[in-house]
Amino acid sequence: MTVSDRFTRELGKYATSMQPTREAEARIEHLLRGMRHLKLRVYPEDELEMSSEFIIQLAAYFANAHGQALKCAYAETFVSLLHPVIETATAEVNHPMWSKAIAVILARALAMGQKPRYWPTAFPLVVVALGLSPREIFMQHWQSCTEAVVAKLKVGTVVDLFPNLRTGPRKSSR
């Protein structure tokens, strides 16, 4: 039994109930924080399948999670687990099990991103999930992702980032 199997078995004890108690919610959060230290491998293919199975199980728990604290804990855990995989994954993102798991994660992250309270944790997950999704899904969602970022930027922030956009007469320093 692998470490990831132990985590998912323990998580399954608490995450299967519709509305977990405060104690169960705290245990789930602690388990998720511990999972952030796992390293997913996508090569060779048997490692990819093991990682895919782990992510599928975790994605299923994430899809059924209720409450802001749990949703954010899942999102942060996925970002920690999946971000390093972006560096090495190429054709692996087209593996059926992998793409199924990423589709579940992306759907939940996009739904969370619609609410302002989830934006700080959901948006990084959307970006990571898009980076690990098959090309078709990436092409379908990348533009709406960038439009969401532009909509969140404030005018003052844009002017600070791009000083050439300033309008009106400039004051002379003489």
Side-chain angles (χ1 to χ4, degrees), residues 1-20 25 28-29 31-115 118-149:
M1 178 174 283
T2 65
V3 174
S4 60
D5 290 338
R6 290 181 184 173
F7 270 114
T8 53
R9 186 183 68 202
E10 194 67 28
L11 189 61
K13 292 178 185 177
Y14 302 105
T16 54
S17 63
M18 291 303 284
Q19 187 63 34
E25 193 172 301
I28 292 170
E29 286 183 53
L31 286 167
L32 291 171
R33 290 194 203 299
M35 283 185 200
R36 293 179 192 176
H37 302 286
L38 296 175
K39 303 291 181 220
L40 297 178
R41 295 188 204 121
V42 293
Y43 187 79
E45 190 169 342
D46 60 330
E47 293 287 337
L48 172 65
E49 289 180 8
M50 287 177 50
S51 294
S52 297
E53 289 172 6
F54 172 67
I55 293 297
I56 284 173
Q57 287 179 321
L58 203 55
Y61 294 140
F62 178 47
N64 295 321
H66 297 286
Q68 184 175 357
L70 282 182
K71 289 178 187 177
C72 290
Y74 275 105
E76 291 167 357
T77 300
F78 277 121
V79 169
S80 296
L81 288 172
L82 297 174
H83 188 265
V85 177
I86 292 174
E87 297 173 7
T88 58
T90 53
E92 292 87 355
V93 300
N94 295 316
H95 190 278
M97 288 174 56
W98 183 265
S99 58
K100 177 184 172 186
I102 295 299
V104 170
I105 294 167
L106 182 61
R108 186 65 184 243
L110 287 170
M112 286 174 61
Q114 299 299 315
K115 297 179 181 175
Y118 293 123
W119 177 258
T121 53
F123 184 71
L125 182 56
V126 168
V127 172
V128 167
L130 280 177
L132 290 171
S133 61
R135 186 176 195 280
E136 302 82 35
I137 294 179
F138 176 83
M139 295 303 289
Q140 183 181 358
H141 293 286
W142 77 269
Q143 193 169 10
S144 62
C145 185
T146 55
E147 288 170 357
V149 171

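Just so it is clear, the model here is predicted, and its values are computed rather than measured.
Here the closest non-hydrogen pair linking Ala73 and Arg36 is O-NH2, 3.8 Å. Here the closest heavy-atom approach between residue Ile105 and residue Ala59 is recorded as CG1-CB, 3.8 Å. Of all heavy-atom pairs spanning Tyr118 and Cys72, the tightest one is CD2-SG, 3.9 Å. Residues Ala75 and Phe62 approach most closely at N-CE1, 4.2 Å, considering heavy atoms. Of all non-hydrogen atoms in Phe138 and Ser133, the two that sit nearest each other are N-OG, 3.7 Å. Closest approach of Met112 and Ala122 over heavy atoms only: CB-CB, 3.8 Å.
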Please set out all donor-acceptor pairs under 3.5 angstrom arising from side-chain atoms of residues 38-49, sequence neighbours excluded.
from  : atom 1 : to    : atom 2 : distance (Å)
Arg41 : NH1    : Glu47 : OE1    : 3.4

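In this structure, CD on Gln68 lies 10.0 Å from NZ on Lys115, to the nearest 0.5 angstrom. To the nearest 0.5 Å, atom CG of residue Leu110 and atom CZ of residue Phe123 are 10.5 Å apart.
Counting heavy atoms from C-beta outward, Leu11 and Leu58 have side chains that approach closer than 4.5 Å. No side-chain heavy atom of Val93 sits less than 4.5 Å from a side-chain heavy atom of Ile102. Taking the side chain as every heavy atom from C-beta outward, Val128 and Phe78 never approach each other to under 4.5 Å. Residues Leu70 and Pro20 are in side-chain contact: their nearest non-hydrogen atoms beyond the backbone lie under 4.5 Å apart. The closest side-chain heavy-atom distance from Phe54 to Thr2 is not below 4.5 Å. Inter-residue side-chain proximity for Glu147 and Gln143 is flagged as met; some heavy-atom pair is nearer than 4.5 Å.
No more than 12 heavy atoms of other residues, nucleotides or ligands shown are found within 6.0 angstrom of NE2 on His83.
Here side chain to side chain donor-acceptor pair (under 3.5 Å) pairs that include residues 89-102, with residues two or more places apart or in two chains, are Thr90-Glu92.
Side chain of Thr77 to main chain of Leu32: a donor-acceptor pair is present (N/O by atom type, distance under 3.5 Å, no hydrogens or angles).
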- Query: Would Leu82 and Ile55 count as a side chain to side chain contact (heavy atoms under 4.5 Å, CB included) if you check the C-alpha gap in whole Å, the side-chain angles of each, and the deciding distance to 0.1 Å?
  - Reply: CA-CA 9 Å; Leu82 297 174; Ile55 293 297; 4.0 Å; yes

- Message: Applying salt bridge (charged side-chain N to carboxylate O under 4.0 Å, His left out) to Glu29 and Arg33, what does each step give before you reach the verdict?
- Response: CA-CA 6 Å; Glu29 286 183 53; Arg33 290 194 203 299; 3.7 Å; yes

